[in-house]
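Inspection log for the structure reproduced underneath, given as structure tokens.
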Amino acid sequence: MKIATWNINSVRLRKENVINFLKKESIDILCLQETKTVDENFPITFFNDYGYIHSYIRGEKSYNGVAILSKIPFKNKSFHNFCNLNDTRHIKVELRNNITIHNFYVPAGGDIADINLNPKFKHKLQFMEEMINLLKKEKFKNRLVLGDFNIAPFENDVWSHKSLLNVVSHTKPETNYFSKLLKYGAFEDIVRNHFKRDDKIYSWWSYRNKDWKKSNRGRRLDHILISKNIQKYIQSVKIYKSIRDEKKPSDHVPISITLKL
DNA sequence: ATGGCGCGGTCACCGCGA
């Protein structure tokens, strides 16, 4: 079973990129973020035609939006609202083999890393707090928590730890929340564990760099966390860096894991 | 230290991303 996550930054604009990736990499389940469309306009029949006949879509106009496209059926579907908002940042599915998948789009948090000056940063920290509380309440086994967390948790998840310490995505309050999430949810950061501790690994490169590859100022904002009890079934972990070089790419690239259950 | 680009949409400007 091959599962991937990808912040697509408009699914309508990039449905061809998505299907090319799904076919080439033989993905069974894809979790998308920032689909940026209401459900009525989601190109679902397009994906149905390629065998992704099971889906769970939750979007809104212009912003946010999450979706799961799958070849494998779901036993249950549900979502949760955070911070008293009805924005579309989370969905959850349960498979017949009792694996559950949470797909998250955590708020970006704006520019200023100060909750008193920046309500978006406050929202992000509140979201993380509620996310941890939710995951603490569930059964700890057989879970995957994945998506765009908008947090680069460790030193080698950014191009420069020193120059990003005060930049939203890599500040102490955010990285502390990430560590709390691992601890209180009993998760493994399987992507980081798969690489060497001092390897720089990224899943996002800004659109604003003239040559993203040359400057290589990336951050690891997208994550796949997994319950410790199923860690032993992981067969492979991949970050598809070459996708960033496609025509009209998303600023994020997909990540996948293969589970042999 | 700054700005750089790209998305959707009450569409030549703005909010938002991070």
Side-chain angles (χ1 to χ4, degrees), chain A residues 5-18 32-43 57-67 82-83 85-90 104-115 117-128 131 147-178 200-223 239 243-255:
Chain A
T5 178
W6 193 2
N7 178 319
I8 197 60
N9 186 17
S10 173
V11 69
R12 287 180 292 171
L13 201 66
R14 269 181 267 283
K15 61 181 184 185
E16 296 289 344
N17 308 53
V18 173
L32 292 168
Q33 304 86 34
E34 280 207 270
T35 53
K36 292 187 170 177
T37 178
V38 292
D39 299 347
E40 298 75 52
N41 294 334
F42 193 104
I57 295 162
R58 185 169 173 243
E60 63 188 286
K61 195 164 76 173
S62 300
Y63 303 114
N64 312 317
V66 285
F82 296 85
C83 306
L85 295 170
N86 195 27
D87 55 0
T88 53
R89 296 182 177 275
H90 171 257
F104 276 99
Y105 176 53
V106 176
D111 285 324
I112 304 161
D114 184 331
I115 57 168
L117 298 175
N118 176 11
K120 291 181 192 171
F121 193 64
K122 191 174 176 181
H123 177 211
K124 184 179 197 173
L125 298 187
Q126 180 66 29
F127 191 100
M128 289 302 296
M131 179 179 177
D148 178 3
F149 290 47
N150 276 314
I151 297 174
F154 305 116
E155 285 202 22
N156 292 313
D157 296 334
V158 291
W159 61 277
S160 167
H161 172 61
K162 226 175 132 183
S163 48
L164 284 156
L165 260 175
N166 294 316
V167 174
V168 173
S169 73
H170 195 58
T171 66
K172 266 283 157 220
E174 295 167 272
T175 57
N176 283 345
Y177 266 123
F178 188 89
K200 293 278 187 191
I201 49 176
Y202 312 136
S203 63
W204 173 88
W205 291 262
S206 172
Y207 283 126
R208 297 180 186 189
N209 289 314
K210 243 196 176 67
D211 186 337
W212 72 274
K213 204 187 274 177
K214 195 177 165 194
S215 57
N216 198 26
R217 293 184 168 188
R219 304 179 203 170
R220 188 171 72 103
L221 304 177
D222 303 274
H223 302 286
I239 302 177
I243 296 264
R244 189 62 179 78
D245 254 342
E246 285 181 346
K247 272 184 194 153
K248 299 276 281 177
S250 168
D251 43 357
H252 296 251
V253 299
I255 300 169

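Here is the naming used below: chain letters follow the sequence lines, and residue numbers restart at 1 for every chain.
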> Any side-chain N or O of A:K120 under 4.0 Å from OP1/OP2 of B:dC16?
Replying inline: yes

> Mind checking the C1' distance from B:dT10 to B:dG15? Whole angstroms is fine.
Replying inline: 13 Å

>> Using a 4.0 Å heavy-atom cut-off, does A:Y105 contact any base of the nucleic acid, only the sugar-phosphate backbone, or nothing at all?
In response: sugar-phosphate

> Across the strands shown, which category fits A:H252 at heavy-atom distances under 4.0 angstrom: base, sugar-phosphate, nothing?
Replying inline: sugar-phosphate

> Quick one: A:R12 CZ to B:dG8 C1', roughly how many Å, whole number?
Replying inline: 7 Å

> Is the side chain of A:R14 donor-acceptor paired with the backbone N or O of A:N9 at a distance under 3.5 Å, no angle test?
Replying inline: yes

> Does OP1 or OP2 of B:dC7 have a side-chain N or O of A:N9 closer than 4.0 Å?
Replying inline: no

> Using atom C1' of each nucleotide, how far apart are B:dG6 and B:dC11 to the nearest Å?
Replying inline: 15 Å

>> From CZ of A:R217 over to P of B:dA1, roughly how many Å is that when rounded to an integer?
In response: 13 Å

> Quick check: does any side chain N or O of A:W212 sit under 3.5 Å from a backbone N or O of A:Y207, one acting as donor and the other as acceptor?
Replying inline: no

>> Is it the case that the side chain of A:T175 and the backbone of A:T171 share a donor-acceptor pair, with hydrogens and angles ignored and the cut-off at 3.5 Å?
In response: yes

>> Taking the P atom in each of B:dG3 and B:dG8, what is the distance between them to the nearest angstrom?
In response: 25 Å

> B:dG8 P sits how many Å from A:N7 CG, rounded?
Replying inline: 13 Å

>> Please give me every residue in residues 202-212 of chain A whose heavy atoms get under 4.0 Å of an atom in DNA chain B, ordered by residue number.
In response: A:W204, A:Y207, A:R208

>> Just N and O in the side chain of A:K248: are any of them under 4.0 Å from OP1 or OP2 of B:dC7?
In response: yes

> Can a side chain N or O of A:N64 be found less than 4.0 Å away from OP1 or OP2 on B:dC16?
Replying inline: no

> Counting distance only, does the side-chain N/O of A:N7 pair as donor-acceptor with the main-chain N or O of A:E34 below 3.5 Å?
Replying inline: no

> Which residue lies toward the 5' end of DNA chain B, A:S169 or A:R14, if each is placed at its nearest nucleotide?
Replying inline: A:R14

> Over how many whole Å does the gap from A:L13 atom CG to B:dG17 atom C1' extend?
Replying inline: 15 Å

>> What is the separation between atom CH2 on A:W6 and atom C1' on B:dC7, rounded to the nearest whole Å?
In response: 15 Å

>> Without decimals, in angstroms, what is the distance between A:L221 CG and B:dC16 P?
In response: 19 Å

> Using 30° and 60° as the class limits, which term best fits the ring planes of A:F127 and A:F82: parallel, tilted or perpendicular?
Replying inline: tilted

> A:D157 has an atom CG; how far is it from atom P of B:dA18, in whole Å?
Replying inline: 16 Å

> Which part of the nucleic acid, if any, lies within reach of A:D148 when heavy atoms closer than 4.0 Å are counted: base, sugar-phosphate only, or nothing?
Replying inline: sugar-phosphate

>> Using whole Å, what does the distance between atom C1' of nucleotide B:dC7 and atom CD of A:Q33 come to?
In response: 16 Å

> What distance, rounded to whole Å, do you find between the two C1' atoms, one in B:dA18 and one in B:dG4?
Replying inline: 13 Å

> Does a nitrogen or oxygen in the side chain of A:R219 sit under 4.0 Å from OP1 or OP2 of B:dG17?
Replying inline: no

>> I want to check a possible cation-pi pair here: A:R219 against A:W204, using under 6.0 Å from ring centre and within 45° of the ring axis as the test.
In response: no

>> For A:N41, is the CG atom crowded, meaning more than 12 foreign heavy atoms sit under 6.0 Å from it?
In response: yes

>> Quick check against the 3.5 Å criterion: does A:S203 have a side-chain atom that pairs as donor or acceptor with the backbone of A:L221?
In response: yes

>> B:dT10, OP1 or OP2 - any side-chain N/O from A:K61 closer than 4.0 Å?
In response: yes

